Amino acid sequence: MDLNKNLKITNDIDNTKVGTYKVKYQVTDESNNKKEAYRTVKVLEEAKANTIYLTFDDGPRAGTTDKILDVLKSRNVKATFFVTNNGPDELIKRIVSEGHSIGIHTATHNYAYIYASIDNYFDDLEIVRNRINTLTGVNTNLIRFPGGSSNTISKKYKEGIMSELVKETVSRGYQYYDWNIDSNDSYSSKDKEKIYNNVINNLHHERANIILMHDVKIATSEVIDKIIDYGLSNGYNFEPLTSSTMLVKQKVNN
Ligand code: ZN
């Protein structure tokens, strides 16, 4: 018998309104036995054009994260921090209390461990989720993969792991964010001018600009003021990523 014929799908989705919606699946067989199942669907907001999303990975770190927080505060700009298990607890608290978004980058940032298995990845992720939750009460579902979802280094540790992780994180309720501008502050770590130019030369008004930076870098903490200056005087808005922001994805290569 064709069960599909007797499948009834109902939902209250309004795709013009950000929110979480329920979809109900109901199936009835010839003897009128009913079975129901539910699924939730989230409607998210597209990352906004003419906006700069400053995102900082790998912290917190005393001496640089606090400096960046000072600048953000003085400019009244909100950003997003994808944190690890390093750095002082005080800075985790400060990120949240000053209105920034906080997300998980992983505890160890050790590619060989986190990308060796799905279980390793989530065990490691959980450590930071708990740290944030214990210190701030925030139960974040924002994540950034070390190396981004497009990284190929993970291939060395497990073939296909990123393809599995992008699906598995979403099905566990996480939202992952890549970037479309790399400040390259990992590599040109001492060259402030280069970092500045990598950012400002790639900004576009007609799209959302998600910038990858690292708050553990001294040069980044010293150049962030100038980058904000440029953004503000050129008509950009600064926003934090939130759990209502649509995922920002790169192409998965493993
Ligand atoms: Zn990182």
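Both counts, for ligands and for their atoms, begin at 1 and track the order of listing. The first residue of the sequence shown is numbered 1, and numbering continues consecutively from there. Every value quoted in this text rests on a predicted model; they were computed, and no experiment measured them.
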Does atom CG (L247) have a neighbourhood of more than 12 heavy atoms from anything else shown, all under 6.0 Å? yes

Sorted by chain and number, protein N/O/S atoms nearer to the Zn ion (ligand 1) than 2.8 Å are D58 OD1, H105 NE2, H109 NE2

Whether K226 and E193 form a salt bridge (side-chain N of Lys/Arg under 4.0 Å from carboxylate O of Asp/Glu) is what I want to check. yes

For a quick check under 3.5 Å, do N209 and R207 share a side-chain donor-acceptor pair by atom type? yes

Among D70, D66, D89, which one satisfies salt bridge (Lys or Arg N to Asp or Glu O under 4.0 Å) with R94? D70

Going by heavy atoms in the side chains, are F56 and V83 under 4.5 Å from each other? no

Applying side chain to side chain donor-acceptor pair (under 3.5 Å), can you list everything that pairs with H100, at least two apart in sequence or on another chain? none

